[in-house]
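Chain identifiers are assigned alphabetically (A, B, ...) following the order of the sequence lines, protein sequences preceding nucleic acid strands; residue numbering begins at 1 within each chain. Just so you know, these numbers use all the heavy atoms, side chains as well, and skip hydrogens, waters and symmetry mates.
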Number of protein chains: 2
Amino acid sequence: MLQVVAKRKTREEILELSVPLFARYGYDGVAMRDIASTVGVTPAALYYHFPDKENLYLDVVAYAFEERLAVLKKILAGGGSPRQRLEEFITENARVMATDKNFIRLMQWAALDSNEARLQKLSHCVFKDLFIAIYHLASELDDRYDPHLLAISIIGLVYFHFEAGATRHLMPGYLPHQDDPQVVAEHVIQLLHDSISETVTY
Amino acid sequence: MLQVVAKRKTREEILELSVPLFARYGYDGVAMRDIASTVGVTPAALYYHFPDKENLYLDVVAYAFEERLAVLKKILAGGGSPRQRLEEFITENARVMATDKNFIRLMQWAALDSNEARLQKLSHCVFKDLFIAIYHLASELDDRYDPHLLAISIIGLVYFHFEAGATRHLMPGYLPHQDDPQVVAEHVIQLLHDSISETVTY
DNA sequence: GTCTATACCGCGATAGAC
DNA sequence: GTCTATCGCGGTATAGAC
């Protein structure tokens with residue numbers, strides 16, 4: 001029993017401490033030695049908890065996304081009009097991305113992954129559920145738009161403000177308050193407000 | 001003279017053939033051995049043309065972007081109303097991203113670069129000019145919006161449709177025609193059409 | 001300009017003691 | 001569960017012949 005507790009503890013600690021490393025440096029940019037020294041164990045110890053680097057990485061990504069995505073999915077499944085849910089989703093999404101820098105960077109790394117197996121696994125297990133929820137919301141919002149394209153646009157509008165974060169700071173017109181998730185959310189909501197007219201009634 | 005021509009030729013061939021490699025696998029994912037064998041020389045030969053991998057990479061990225069960005073900047077600097085230039089820019093931007101898969105992936109890698117020096121150099125030398133042009137266009141379009149945020153939104157809307165490409169294909173509602181740049185451009189233009197009202201006259 | 005040959009290092013992973 | 005020790009590979013980069 002004590003062993004199980006200790007095991008769970010170390011395993012979770014490895015996951016927890018690996019998140020910012022993989023978020024910042026990507027799969028190739030993090031060595032097992034880096035993780036080990038961050039956690040305070042030797043590299044060999046990692047192989048007791050995970051079969052190899054590949055599986056450790058996948059577990060780290062799933063661990064990092066689990067909680068965040070659950071919150072977003074809950075909002076999309078909640079009550080209120082489609083328009084209301086859209087605005088709540090945008091606001092919460094901006095809040096998550098501004099709060100948790102690791103979240104967006106892990107998504108970026110995932111999008112670039114040239115390893116087909118990893119890409120499929122992440123797409124299917126991690127992102128698909130959320131996309132389906134947004135897709136359904138998009139279908140309810142305005143039937144003049146292809147819901148797939150509209151879903152991508154809604155995600156991309158928020159996502160890109162934070163994805164571009166590092167480079168955006170070097171560009172003209174940058175002001176610190178543009179990093180405020182509330183400001184970004186209001187901008188996106190305003191932009192979508194006039195574009196989308198409710199066409200489905202309940 | 002013959003030497004100079006030969007030198008230029010090989011150097012350019014290295015740049016040309018390295019683009020798809022770095023685009024697909026990123027800086028860490030490409031070995032000098034890979035480039036060498038693709039070009040058909042030995043790794044040592046690369047070090048005659050470039051001082052190290054870092055500089056080779058930077059030259060490759062600049063080489064890949066030069067032509068594409070010039071076209072986009074030209075459109076933004078061209079005549080017509082702000083709204084017209086916006087639509088032309090969106091259309092051409094979608095066309096470039098659909099045609100040249102390397103373009104967007106190199107941008108994605110650049111955005112993730114944890115090497116501060118590389119990030120700054122790329123931001124400043126490669127992207128800044130284009131952003132300034134879009135920023136000015138945004139200022140002319142609709143003064144209800146913060147031009148910096150609007151510029152980011154305009155870029156992000158097109159960008160994300162193609163950035164999400166690989167994962168999007170695994171998501172519900174995907175249809176092959178959504179990869180058509182004309183379809184994406186029309187979707188984005190429609191979306192922005194009702195959001196933006198011309199407020200500056202000429 | 002390009003080659004052969006190689007130095008040198010850091011990587012993932014494993015064996016076996018404790 | 002974690003350690004020490006190590007193997008084998010593949011990475012960048014260089015020296016020096018041609």
Output one letter per nucleotide in nucleotides 13-18 of chain C: B when a protein non-hydrogen atom lies under 4.0 Å from the base, S when only the sugar-phosphate is that close, - when neither is. BBB---
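With sequence neighbours excluded, no residue forms a salt bridge (charged side-chain N to carboxylate O under 4.0 Å, His left out) with B:Glu87. A:Arg95 pairs by the salt bridge (charged side-chain N to carboxylate O under 4.0 Å, His left out) definition with A:Glu92, not counting sequence neighbours. Residues passing the salt bridge (charged side-chain N to carboxylate O under 4.0 Å, His left out) test with A:Lys73 are A:Asp129, sequence neighbours excluded.
For the OP1/OP2 pair of D:dG1 and a distance below 4.0 Å, the side-chain nitrogens and oxygens of A:Thr10 include no atom meeting the criterion. Between D:dC3 and A:Thr42, a contact under 4.0 Å exists linking OP1 or OP2 to a side-chain N or O.
Within the structure, salt bridge (Lys or Arg N to Asp or Glu O under 4.0 Å) contacts touching residues 169-187 of chain A (residues at least two apart or in different chains) are A:Arg168-A:Asp179. Applying the salt bridge (Lys or Arg N to Asp or Glu O under 4.0 Å) test to every pair with at least one member in residues 42-54 of chain A, sequence neighbours left out, gives these pairs: A:Glu54-A:Arg118. Among residues at least two apart or in separate chains, there is no salt bridge (Lys or Arg N to Asp or Glu O under 4.0 Å) pair with a member in residues 28-44 of chain A. Judged as a salt bridge (Lys or Arg N to Asp or Glu O under 4.0 Å), the pairs with a partner in residues 98-110 of chain B (not counting sequence neighbours) are, in order, B:Arg68-B:Asp100.
Aromatic ring pairs are classed by plane angle as parallel below 30°, tilted from 30° to 60° and perpendicular above 60°; the pair B:His187 and B:His161 is perpendicular.
Considering only the side chain of B:Tyr48, C:dT2 comes nearest among D:dC3, C:dT2, C:dC3. Of the listed nucleotides (D:dT4, C:dC11, C:dT4), C:dC11 has the atom at the smallest distance from the side chain of A:Ala31.
Using a 4.0 Å cut-off on heavy atoms, none of the residues of residues 14-28 of chain B approach DNA chain D.
In this structure, A:Gln178 contributes its side chain and A:Leu175 its backbone to a donor-acceptor pair below 3.5 Å.
When the C1' atom of D:dT2 is taken as reference, atom CG of A:Leu46 falls 11 Å away, rounded to whole Å. Note: CZ (B:Phe50) to P (D:dT14) measures 15 Å, nearest angstrom. B:Glu13 places its CD atom 14 Å from the C1' atom of C:dT2, with the value rounded to the nearest Å.
Within 4.0 Å of B:Val39, counting heavy atoms only, lies no atom of the nucleic acid at all.
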